[in-house]
Engineer: 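Dumping the structure here so I can ask a few things about it.
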Amino acid sequence: MAVGAAAPRVYMNRSLLIFLLSLAAIASIVLGLSVGSASSNPLLAWQSIIDGSDPALQEIILELRLPRVLAAFGVGASLAIAGVLMQVLL
């Protein structure tokens with residue numbers, strides 16, 4: 001490769017990229033809902049949300065962790081849109 005020549009680009013299939021990013025988003029939601037000072041198994045957390053087997057854990061997840069995770073995703077989406085708009089304007 002000559003000096004100053006561009007490196008060859010490797011392209012990823014767009015649908016594969018969207019799938020992998022969606023999978024990463026879902027994994028981060030599950031991780032955000034299950035990690036905390038009262039840590040729990042993600043399966044146990046899901047079970048307590050669905051059937052109310054552990055009311056304390058259900059309240060922790062629905063009242064504290066879920067709003068935090070949704071706010072984090074909202075802020076991240078807003079920052080991503082702001083970055084795209086800044087690139088378009090400049």
Engineer: Could you tell me the separation between the OG atom of S34 and the CZ atom of R65, rounded to the nearest 0.5 Å?
Structural biologist: 7.0 Å
Engineer: Output the distance between atom CG (L16) and atom CZ (R14), rounded to the nearest 0.5 Å.
Structural biologist: 12.5 Å
Engineer: Show which residues join L62 in its hydrophobic cluster (side-chain heavy-atom contacts under 4.5 Å, direct or indirect), or state none.
Structural biologist: I29, L33, L44, I49, L57, I61, L66, V69, L70, F73
Engineer: Taking side chain to side chain donor-acceptor pair (under 3.5 Å) as the test, write out the residues that go with S37, two or more places apart.
Structural biologist: none
Engineer: As an exercise, state the distance from CD of Q47 to CG of D54, rounded to the nearest 0.5 Å.
Structural biologist: 9.5 Å
Engineer: Is it true that atom CD1 of I50 has more than 12 heavy atoms of other residues, nucleotides or ligands lying nearer than 6.0 Å?
Structural biologist: yes
Engineer: Do L79 and I81 share a hydrophobic cluster, counting only Ile, Leu, Val, Met, Phe, Trp and Tyr and linking them when any side-chain heavy atoms are less than 4.5 Å apart?
Structural biologist: no
Engineer: From L20 CG over to L23 CG, what is the distance, rounded to the nearest 0.5 angstrom?
Structural biologist: 7.0 Å
Engineer: Other than L31, which residues form its hydrophobic cluster under the rule that side-chain heavy atoms must be closer than 4.5 Å?
Structural biologist: V35
